[in-house]
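Take a look at the structure set out below.
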Amino acid sequence: MTGTTDPADPAPTAERRRTARVRWAAGSAVALALLFAGAAAVAAARDDGSAPGAAGAPAPDSADAGFARDMAVHHQQAVEMSFIVRYRTEDEDVRRLAYDIANTQANQRGMLLGWLDLWGLPKVAGSDRPPMAWMGGGEGDGGHEHGGHHPGGGSDGVLMAGMASRAELERLARLDGKQAEVFYLQLMTDHHKGGVAMAEVCASRCAVPVEQRLARGMVEGQQSELGLMRDMLAERKARPRS
């Protein structure tokens, strides 16, 4: 009967198991990144004089702290999306790109969270600090054009510019083959545009030198990947959404 589910049908159970494996893999990648990137964060922050108690440690409402918190959240979703698509396609080019993005952003996330630990700052902002408020201006985004398909604001899980909604993540997890590849490349293009805009603001406003360097590296790396994803979409007779 239309609109009903056969209790004996194993598909829903199999789909839940696959989703659980994706989340476990993404969580494991981030856990490993925290372990290895933490040591690098400690050494780099100490070299810059920004360890706890040092005069260079940033304030809780600084651009340095805000960028570290927000970009850690932003990166986590990129890792999740990348693990999802690796389960949904056998295309080696897309799988390789997804692996590179997941590995890079999981490690960067580990560094950002490591710095927050060193600075003795919370990893989650309070209700008085909405996402992207550190960028300056009004309504949490300073009037900047952040790029990406979504402006942020918390609707359906969209906290920051470029982030995918919960519905979009669920759709990606249902698609296969070329459809999954195209949708992933479109979502990640939006995601990178939002991330680049955030990193550009940190590169100009953050005070901790090592964090500024990381932000500049993010801009360069993600802009390069944006060009690659544009070409990959064109090969699949598709284009970015924005």
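Each residue takes its place number in the sequence, starting with 1. Note that this is a predicted model, so its numbers are computed, not measured.
- Remark: Arg171 is positioned above the aromatic ring of Phe183, its terminal NZ or CZ atom under 6.0 angstrom from the ring centre and at most 45 degrees off the axis.
- In terms of heavy-atom proximity, Phe67 sits nearest to Ala199 at CE1-CA, 3.7 Å.
- Among all heavy-atom pairs drawn from Ala164 and Leu169, the shortest one is CB-CD2, 4.1 Å.
- Met232 contributes atom CE, which lies 7.5 Å from atom CD of Glu181 (distance to the nearest 0.5 angstrom).
- Annotation: side chain of Leu187 is in contact with side chain of Glu168 (closest heavy-atom distance under 4.5 Å).
- In the displayed structure, Arg236 atom CZ is contacted under 6.0 Å by more than 12 heavy atoms of other residues, nucleotides or ligands.
- Each of Arg69, His74, Glu211 was compared with Leu112 under the side-chain contact (heavy atoms from CB on, under 4.5 Å) criterion, and only Glu211 meets it.
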* To do: Verify side chain to side chain contact (heavy atoms under 4.5 Å, CB included) between Val73 and Met160, making sure each step is shown before the conclusion.
  => CA-CA 9 Å; Val73 174; Met160 283 163 272; 3.7 Å; yes

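- Across every non-hydrogen atom of Val182 and Ala238, the tightest pair is CG1-CB, 3.7 Å.
- Partner His191 forms a side-chain contact (heavy atoms from CB on, under 4.5 Å) with one of His75, Gln222, Gln77 and no other, that one being Gln77.
- Annotation: the span from Met111 atom CE to Trp115 atom CH2 amounts to 4.0 Å, rounded to 0.5 Å.
- To the nearest 0.5 Å, atom CD of residue Glu225 and atom CE of residue Met218 are 11.5 Å apart.
- Going from atom CZ of Arg216 over to atom CD of Gln212 covers 5.5 Å, rounded to the nearest 0.5 Å.
- Remark: Met188 CE to Leu172 CG distance equals 9.0 Å, nearest 0.5 Å.
- A donor-acceptor pair is defined here as one N or O able to donate and one able to accept, closer than 3.5 Å; such a pair exists between the side chain of Arg88 and the backbone of Arg174.
- Between the CD atom in Gln105 and the CG atom in Asp100 there is a gap of 11.0 Å [rounded to 0.5 Å].
- Under the 3.5 Å distance criterion, the side-chain polar atoms of Ser224 are left unmatched by any main-chain donor or acceptor of Glu220.
- The pair Asp93-Arg96 counts as a salt bridge, with a side-chain nitrogen and a carboxylate oxygen less than 4.0 angstrom apart.
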* To do: Walk me through it: do Tyr184 and Thr89 pass the test side chain to side chain contact (heavy atoms under 4.5 Å, CB included)?
  => CA-CA 10 Å; Tyr184 169 77; Thr89 181; over 6 Å; no

* To do: Go through the steps to decide whether Leu214 and Val210 satisfy the test side chain to side chain contact (heavy atoms under 4.5 Å, CB included), and finish with yes or no.
  => CA-CA 6 Å; Leu214 179 64; Val210 68; over 6 Å; no

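- Between the side chain of Asp64 and the main chain of Ala207, a donor-acceptor pair closer than 3.5 Å is present.
- The two residues Ala102 and Ser82 come nearest to each other via the heavy atoms CB-CB, 3.9 Å.
- The backbone N or O of Gln186 sits nowhere less than 3.5 Å from a side-chain atom of Arg241 that would complete a donor-acceptor pair.
- With hydrogens and angles disregarded, no donor-acceptor distance shorter than 3.5 Å links the side chain of Asp156 to the backbone of Ser165.
- Residues Leu97 and Tyr99 are members of separate hydrophobic clusters, defined by side-chain heavy-atom contacts under 4.5 angstrom among Ile, Leu, Val, Met, Phe, Trp and Tyr.
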* Verdict with supporting geometry, Lys123 and Asp117, salt bridge (Lys or Arg N to Asp or Glu O under 4.0 Å) -> CA-CA 8 Å; Lys123 297 183 179 69; Asp117 274 338; 2.6 Å; yes

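- In this structure, the side chain of Ser204 engages the main chain of Val201 through a donor-acceptor pair within 3.5 Å.
- The two residues Leu113 and Ala72 have their closest heavy-atom pair at CD2-CB, 3.8 Å.
- In this structure, Leu121 and Ala59 approach most closely via the heavy-atom pair CD1-O, 4.1 Å.
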